[in-house]
Engineer: 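Before I ask anything, let me first share the structure, which is written out below as structure tokens.
Order of appearance sets the numbers: ligands from 1, and atoms from 1 within every ligand. Since we're looking at a predicted model, the values are computed, not measured.
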Amino acid sequence: MGLPATARIDIGRFWTTIERSGEIGVGRPGGLSRLALGDADREVRDVFIAWCREAGLSVRIDGIGNIFARRPGEDDSLPPVVMGSHLDTQVNGGRFDGIAGVLGGLEVCRTLDQLGHRTKRPIEVVNWTNEEGGRFSPPMVGSGCFTGAYTLDWALGRRDDDGRTIGEELDRIGYRGEMEATPRPFDAYVEFHIEQGPILDREGMQVGVVTGGYASTGMLVEFRGETAHTGPWPMERRRNALIAGARLLVAVDDLGWEHAGSGGKATASRLVAWPNKPGILSDWAQATCDVRHADPETSAVMAERVRRAVHEAAARADCTAEILDVWNWGGKVFADELIEQVRATSLGLGYRTRDILSQAGHDAYFVARHAPTTMIFAPCRGGITHNNQELCTPDDLEPGLNVLLHTVVARANR
Ligand SMILES: [Zn+2]
């Protein structure tokens with residue numbers, strides 16, 4: 001039997017769960033500072049697992065700390081339909097980014113229990129490790145590892161600014177699991193997430209049908225120069241790596257302004273240097289930047305411009321440059337059948353609905369390489385996010401969660 005069309009998630013119960021999560025890893029007023037694999041991440045993982053067990057879900061943890069909570073299907077040998085996102089936040093993060101997707105998945109399972117509904121296929125809820133990359137670079141390391149984009153050893157060896165690795169921190173907080181962090185079949189993956197942009201809120205839309213993502217390229221660039229005294233050393237002999245990094249990042253920002261008219265974005269996000277002290281020139285710097293555009297061709301042109309800017313910046317500062325890491329995400333990666341199902345479900349439930357492209361990185365992009373995937377967006381006030389002022393009300397999230405419920409159950413019962 002199918003799920004009754006009148007079935008709805010319990011927004012009050014969901015909200016109590018969101019509020020409890022919002023007490024763990026409190027940051028600036030109203031926000032969270034719950035960096036991956038820190039003590040607060042451990043606490044929210046513990047609480048999440050306790051909730052899952054209370055809801056009758058069985059919990060497994062893999063070698064990179066991804067948590068999978070499973071609700072068996074009538075035919076439990078079939079691959080699961082999976083929901084989820086991430087419980088970690090940026091250093092100045094909000095209470096909803098990622099969290100609404102994980103706890104929303106849990107709420108779907110609780111709703112099915114209350115209705116006594118057993119799906120044909122199993123359903124799982126996942127919390128991916130280190131989605132944000134706010135402590136360990138790169139972001140989306142848990143989903144990247146699970147889908148085979150990164151090897152486990154490489155991922156475990158990523159270091160934070162204090163030199164601690166993901167592997168050490170997983171051991172410290174007790175979340176290096178037994179299950180292998182390798183691809184296993186998913187029937188489908190559906191990620192519910194706040195939009196993290198202003199479009200749905202501005203237009204009074206309740207549900208965003210995510211048809212794909214901005215084509216995006218990120219780069220980690222290293223510059224090497226030479227230390228010297230800041231006083232007597234002649235200008236023409238200076239090889240200041242800090243300046244090479246700074247010139248690159250300003251060029252990237254200029255590129256963003258050049259493409260702003262067509263909605264393009266280019267971001268200078270991070271510059272570190274050594275020794276980075278007064279009185280001495282830095283002989284090492286690393287800069288992180290990215291470009292994003294709805295049009296893949298324009299995005300590729302922008303990425304090429306960044307590569308050129310790397311060499312120009314290095315030449316101007318008489319440094320050497322190496323692009324250490326390049327990552328790409330976005331594009332038309334989601335499954336048409338799932339996009340259509342989300343759209344039809346949302347319209348069928350009577351919600352104000354529009355198609356939308358994601359402009360942020362999400363675990364869904366990695367999972368899409370592995371299984372049919374899509375995303376559902378909910379509005380957040382003014383599009384403010386990665387900021388303690390990030391705000392959603394129950395009214396903002398309830399429609400998207402009901403779309404998640406009906407989409408996932410229809411898929412699991414087909
Ligand atoms: Zn997120």
Side-chain angles (χ1 to χ4, degrees), residues 17-18 21-22 24-25 27 30-38 40-41 44-45 48 65-67 82-106 125-147 189-201 208 210 212-214 216 218 265 267 269 290 292 327 329-330 333-334 356-368 373-392 396-397 400-401 404:
T17 311
I18 278 277
S21 155
I24 302 171
L32 287 175
S33 186
R34 200 157 70 197
L35 293 172
L37 311 183
D41 190 17
V44 76
R45 284 163 175 264
F48 171 62
N66 296 321
I67 302 172
V82 183
M83 302 170 277
S85 195
H86 60 96
L87 294 170
D88 70 321
T89 78
Q90 290 283 341
V91 69
N92 187 31
R95 288 168 292 153
F96 305 96
D97 173 359
I99 298 158
V102 180
L103 301 183
L106 172 63
V125 185
V126 57
N127 169 48
W128 301 109
T129 293
N130 187 45
E131 190 275 348
E132 291 288 2
R135 179 178 175 197
F136 301 98
S137 187
M140 298 172 272
V141 98
S143 53
C145 216
F146 173 81
T147 54
Y189 176 69
V190 185
E191 181 163 343
F192 172 74
H193 206 285
I194 62 169
E195 180 201 336
Q196 303 186 279
I199 297 169
L200 297 176
D201 184 42
V210 186
Y214 271 38
S216 310
K265 316 274 167 71
T267 303
S269 54
D290 64 69
R292 309 174 193 221
W327 51 99
W329 69 98
V333 294
F334 296 149
I356 193 166
L357 289 173
S358 167
Q359 301 189 39
H362 292 294
D363 294 304
Y365 293 133
F366 274 135
V367 185
T373 293
T374 201
M375 296 188 75
I376 300 165
F377 273 179
C380 58
R381 293 302 160 96
I384 296 167
T385 187
H386 288 189
N387 184 313
N388 54 305
Q389 303 289 330
E390 180 187 278
L391 184 65
C392 296
D396 293 326
L397 300 186
L401 289 170
L404 179 71

Engineer: Within less than 2.8 Å of the Zn ion (ligand 1), any N, O or S from Asp97?
Structural biologist: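 Yes.
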
Engineer: Rounding to 10°, state the angle centred on the Zn ion (ligand 1) that links NE2 in His193 with NE2 in His86.
Structural biologist: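 About 110° at the Zn ion (ligand 1).
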
Engineer: If you measure from CD on Glu195 to CE on Met375, what distance do you get to the nearest 0.5 Å?
Structural biologist: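 Glu195 atom CD to Met375 atom CE measures 11.0 Å (nearest 0.5 Å).
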
Engineer: Any N/O/S atom, side chain or main chain, of His362 closer to the Zn ion (ligand 1) than 2.8 Å?
Structural biologist: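 Short answer: no, not a single N, O or S atom is under the cut-off.
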
Engineer: Rounded to the nearest 0.5 Å, how far apart are CD1 of Ile194 and CD1 of Ile99?
Structural biologist: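 Reported to 0.5 Å precision, the distance equals 9.0 Å.
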
Engineer: Give the C-alpha distance, both sets of side-chain angles, the deciding distance and a yes or no for side chain to side chain contact (heavy atoms under 4.5 Å, CB included) between Val190 and Ile376.
Structural biologist: CA-CA 7 Å; Val190 185; Ile376 300 165; 3.8 Å; yes

Engineer: Tell me, do Gln90 and Glu390 make a side-chain contact under 4.5 Å, heavy atoms counted?
Structural biologist: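 When only atoms from C-beta onward are counted, Glu390 and Gln90 do not touch, as no gap falls below 4.5 Å.
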
